Amino acid sequence: MCIWRRLASVCHVLHAPRNDLNDARTTNLTSNMSVRVRFAPSPTGYLHIGGARTALFNWLYARHMGGTFILRVEDTDAARNSQEAVNVILDGLRWLGLDWDEGPLTADATGPGKGDRGPYFQSRRKENYALRVEALLSRGLAYESEGAVRFRMTREPVLVRDLVVGDVTRALTDREEQDPDFVIMRSDGSPVFHFVNVVDDLEMGITHVIRGEDHLSNTAKHVALFKAFGVEPPQYAHIPLILNADGSKMSKRDTGAALTYYMENGYAPEAVLNYLCLLGWSARDGREVIPLPELIANFDLPQILRHNARFDHEKLKWMNGEYLRAMTADRFYEMSVHALARAGVDTNAFPTAYVKAALDTCMGKLRLFTDLPAYAGFYFTDRVEMDADAKAALTPEARDRLKKLRDAYAGAADFKAATLETILKDTAKALGVKNGVLVHPIRFACTGKPSGPSLYHLLEILGRDRVMQRIDATLAA
RNA sequence: GACCCUAUCGUCCAGCGGUUAGGACACCGCCCUUUCACGGCAGUAACCGGGGUUCGAAUCCCCGUAGGGUCGCCA
């Protein structure tokens, strides 16, 4: 694999551009081997999780190689294109932390961008495409037919050298056998995907095309186009697809198909990013929770698997829990407040110190931020909702013991966790029961639930007034 | 229909000619514990089928089967 990679690099140089279509920038590129990769999504209104992983692999490779990561918006389909749709992509990439070195800065195609190989919106590159079409026409490599421009496709099998899949020889299908040529410019003058994709990769000096395996078969067309322009195609790396748990294709409607699902459902971006890496790639040393710098250091194309992977939501949740546990208190606090606000829990109504103390008791206990409202909602409400189990557990006998505990707490010198624990245990001993017999009723009274944060700590944070009030309300009910 | 890719526990990965086929998630049991988590220990569970090559195949080759992808004036 390494050997042919090096050979391919040499070939690339040997086949340096030799016709007038290739300007100085392209020539310059082939002489310095700095890696340039791109993520080229179409603004359809959502960012597919598989697309997010494609972006991630491109980004990781660029960072690993010290190369350039380019974002190019393939907005040739005017009907589906909108700034809102572009923003979904920009927001998604930013959420994951995938910063691009070249590309748009805003969703506005006419707006500012960075990089000197633009424009980075295809809708702004019409002249480039027109010139390229003209060049092919003038050399007889394309021709007009029924108002459209068609490219003269080779009838010979095309060799695609892929860093992931290996050498692939693509023969024509029976349908292509009848008419191998394909349209590169429609009768309305707009260029077609295969064409603009190649033109842009060529003009932007893309060295490695890392994309989904669904493009593998079409790569023959791209290779033929590159050759028609007189240059060697870039290196290809077709990565396997992400499927649903049942092995079916992940389409828009499927749960978790869109990146926004994770943004809105309590996931930490670093956990999603880490999990995505593990689909079709591994560090080989058995580690799975891997810090980003090490991900970058270890990532490479040849280790990418060749078969599709099914998305395991359970494992992602586990990994999310791992990241929540390792998170700094400040970040946990910030993300928690957002998650609570999204669920309609307004923490602003409470003192900051109280909110922080309350959230401290939740650290390390959750897998998703969306679990937080149910887990810690009792801190931020005046009315505790008793669930069915809680009600059933509050038998007359339990109420009687709760009353005893209430009286003991009423006389507590202070309301610190350690004190409360001592008092509860002493009370249990005096009643001749196990600690748990008292623990459960008071937890129910104060939180309404059978499980939650450490009892003594949550009591301390709620404070004497709230605790007494909740016990009394429970006893009165 | 044709072309292309793929095939190890339920899932994600390790394995790259000789291993008691390893790890993670999930699941089950036990321990820890104020609940729930976490953590610790143990367990169930896999090389798609058939032919070759080889002293020896999960690993290499062929066929079959299955899954996925592609053959647009969609991207």
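Being a predicted model, the structure only gives us computed values, none of them experimental. Lettering of chains follows the sequences in order, A, B, ..., and the numbering in each one begins at 1.
Contact annotation for A:Leu241: backbone-only contact, meaning every heavy-atom pair under 4.0 Å involves sugar-phosphate atoms and none involves a base. Among the atoms of the strands shown, only primed sugar atoms or phosphate atoms (P, OP1, OP2) are found under 4.0 Å from some heavy atom of A:Arg310. Residue contacts for A:Leu172: at a heavy-atom cut-off of 4.0 Å it reaches the sugar-phosphate backbone alone, with no base atom in range. Backbone-only engagement by A:Gly247 is indicated by non-hydrogen atom pairs under 4.0 Å involving sugar-phosphate atoms exclusively. Within the nucleic acid shown, A:Thr447 has no heavy atom closer than 4.0 Å to any nucleic acid atom. Using a 4.0 Å heavy-atom criterion, one finds that A:Glu176 contacts the sugar-phosphate atoms exclusively. Residue contacts for A:Arg170: at a heavy-atom cut-off of 4.0 Å it reaches the sugar-phosphate backbone alone, with no base atom in range. Using a 4.0 Å heavy-atom criterion, one finds that A:Pro41 contacts no nucleic acid atom at all. Using a 4.0 Å heavy-atom criterion, one finds that A:His238 contacts no nucleic acid atom at all.
Contact between the side-chain N/O atoms of A:Arg186 and the OP1/OP2 oxygens of B:C74 is found at a separation under 4.0 Å. Contact check, A:His194 against B:G72: no side-chain N or O comes under 4.0 Å of OP1 or OP2. Residue A:Asn218 places at least one side-chain N or O closer than 4.0 Å to OP1 or OP2 of B:C71. Between B:A14 and A:Ser282, a contact under 4.0 Å exists linking OP1 or OP2 to a side-chain N or O. Residue A:Arg367 places at least one side-chain N or O under 4.0 Å from the OP1 or OP2 atom of B:A26. For B:C73, the OP1/OP2 oxygens have no side-chain nitrogen or oxygen of A:Ser187 closer than 4.0 Å.
Annotation: A:Tyr275 is in aromatic contact with A:Phe311 [ring centroid separation under 6.0 Å].
Here the options are A:Lys221, A:Arg38, A:His215, the test is side chain to side chain donor-acceptor pair (under 3.5 Å), and the partner is A:Asn197; only A:Arg38 passes. In summary, of the residues considered (A:Arg72, A:Arg117, A:Arg125), a salt bridge (charged side-chain N to carboxylate O under 4.0 Å, His left out) with A:Glu203 occurs for A:Arg125 alone.
Across all strands shown, B:U34 has no partner, as no Watson-Crick or G-U wobble contact with both distances under 3.5 Å is found. With both pairing distances under 3.5 Å, B:C48 is matched to B:G64 as a Watson-Crick or G-U wobble pair.
Within residues 408-433 of chain A, no residue has any heavy atom under 4.0 Å from RNA chain B.
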